[in-house]
S.K.: 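One structure follows; several queries about it will come next.
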Amino acid sequence: MSKIKDQFTVRVLSVVRRIPPGRVATYGDVAALAGRPRAARAVGNIMRGCDRPDVPCHRVIAAGGRLGGYGGRELLKRALLLAEGVSIVGTRVQLQQFRVPGAPNRWGKRRARRA
DNA sequence: AATCTGACTGTTG
DNA sequence: CCAACAGCCAGAT
């Protein structure tokens, strides 16, 4: 069976565990907070194996406020978030309002592309 | 060590 | 809004 996880995994679990109720973080946010801003995919993989009750993996969603996955239980994920007070419009979470504090705004400063 | 996989993300059509 | 493509990352085989 597994031994100790890599530091990255430990950090990710730590970050997710610290997401307060009624808040959400995207995979990219968790990855960034864990020190690997481009490892959103890896975070998803870690979440896939998060069976720990102390890790609120349902508060980790996809970019743009989409629900992302939940081991085939996306409906439960949506229900849990709604129960915590997270507002969901259509299939999207209101990130602007419920995104975990401390998440870097990568959408605030994009300079004009094209010359 | 090489290859495949996937609860991701952003760009392009 | 959805589909296809490409880039990125860690874990499993």
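The figures that follow rest on heavy atoms only: side chains count, while hydrogens, waters and symmetry mates do not. In what follows, every chain begins at residue 1, and chains take the letters A, B, ... in the order their sequences are listed. Treat the numbers as computed from the prediction; the structure is a model and nothing was measured.
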S.K.: When you match Ile46(A) and Arg92(A) each to their closest nucleotide on DNA chain C, which lands nearer the 5' end?
M.R.: Arg92(A)
S.K.: Report the distance from atom OH of Tyr27(A) to atom CG of Asn45(A), rounding to the nearest 0.5 Å.
M.R.: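 The CG atom of Asn45(A) is 10.5 Å from OH of Tyr27(A), to the nearest 0.5 Å.
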S.K.: Take atom CZ of Phe8(A) and atom C1' of dA12(C), then tell me their distance rounded to the nearest Å.
M.R.: 16 Å
S.K.: Between atom CG in Leu95(A) and atom C1' in dT9(B), what is the gap in whole Å?
M.R.: 13 Å
S.K.: Round to a whole Å and report the spacing from CZ of Arg38(A) to P of dA6(C).
M.R.: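 Result: 19 Å.
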S.K.: May I have the distance from Leu33(A) (atom CG) to dC8(B) (atom C1'), rounded to whole angstrom?
M.R.: 16 Å
S.K.: Counting distance only, does the side-chain N/O of Arg66(A) pair as donor-acceptor with the main-chain N or O of Ala63(A) below 3.5 Å?
M.R.: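 Answer holds: yes.
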S.K.: What is the separation between atom CD on Gln7(A) and atom C1' on dA10(C), rounded to the nearest whole Å?
M.R.: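 In whole Å, dA10(C) C1' lies 14 Å from Gln7(A) CD.
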S.K.: Do Val55(A) and Phe8(A) belong together in a cluster built from hydrophobic side chains that touch within less than 4.5 Å?
M.R.: yes
S.K.: Considering every strand and a 4.0 Å limit on heavy-atom distances, what is the contact class for Ala42(A): base, sugar-phosphate, or nothing?
M.R.: base
S.K.: Between the base of dG11(C) and the side chain of Asn45(A), is there a donor-acceptor distance below 3.5 Å?
M.R.: no
S.K.: Taking CG from Leu81(A) and P from dA7(B), how many angstroms apart are they, rounded to a whole number?
M.R.: 18 Å
S.K.: Nearest to the Thr9(A) side chain among dC8(C), dG11(C), dA7(B), which nucleotide is it?
M.R.: dG11(C)
S.K.: Show your working on side-chain contact (heavy atoms from CB on, under 4.5 Å) between Leu67(A) and Leu81(A) and close with a plain yes or no.
M.R.: CA-CA 10 Å; Leu67(A) 281 307; Leu81(A) 290 175; 4.1 Å; yes
S.K.: Just the rounded figure in Å: distance from P of dC8(B) to CZ of Arg66(A).
M.R.: 8 Å
S.K.: Under 4.0 Å, heavy atom to any atom of DNA chain B: which of residues 11-27 of chain A qualify?
M.R.: Tyr27(A)
S.K.: Set out, in order, the CA-CA distance, both residues' side-chain angles and the distance that settles side-chain contact (heavy atoms from CB on, under 4.5 Å) for Val12(A) and Met47(A), then state yes or no.
M.R.: CA-CA 9 Å; Val12(A) 168; Met47(A) 293 294 99; 4.0 Å; yes
S.K.: Answer with yes or no whether Arg41(A) presents, from its side chain, a donor or acceptor under 3.5 Å of a partner atom in the base of dG7(C).
M.R.: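 Such a pair is found, so the answer is yes.
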S.K.: Tell me: CD of Glu74(A) to P of dG6(B), nearest whole Å?
M.R.: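 In whole Å, dG6(B) P and Glu74(A) CD are 15 Å from each other.
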S.K.: How close do Lys77(A) and Val60(A) get, counting heavy atoms only, and between which atoms?
M.R.: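 Nearest heavy atoms, Lys77(A) then Val60(A): NZ-O, 2.7 Å.
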S.K.: So what does Arg36(A) hit on the nucleic acid, given a heavy-atom distance under 4.0 Å: a base, only sugar-phosphate, or nothing?
M.R.: sugar-phosphate
S.K.: Test Thr26(A) against every option in Val93(A), Leu95(A), Val100(A) by the side-chain contact (heavy atoms from CB on, under 4.5 Å) rule and name the one that passes.
M.R.: Leu95(A)
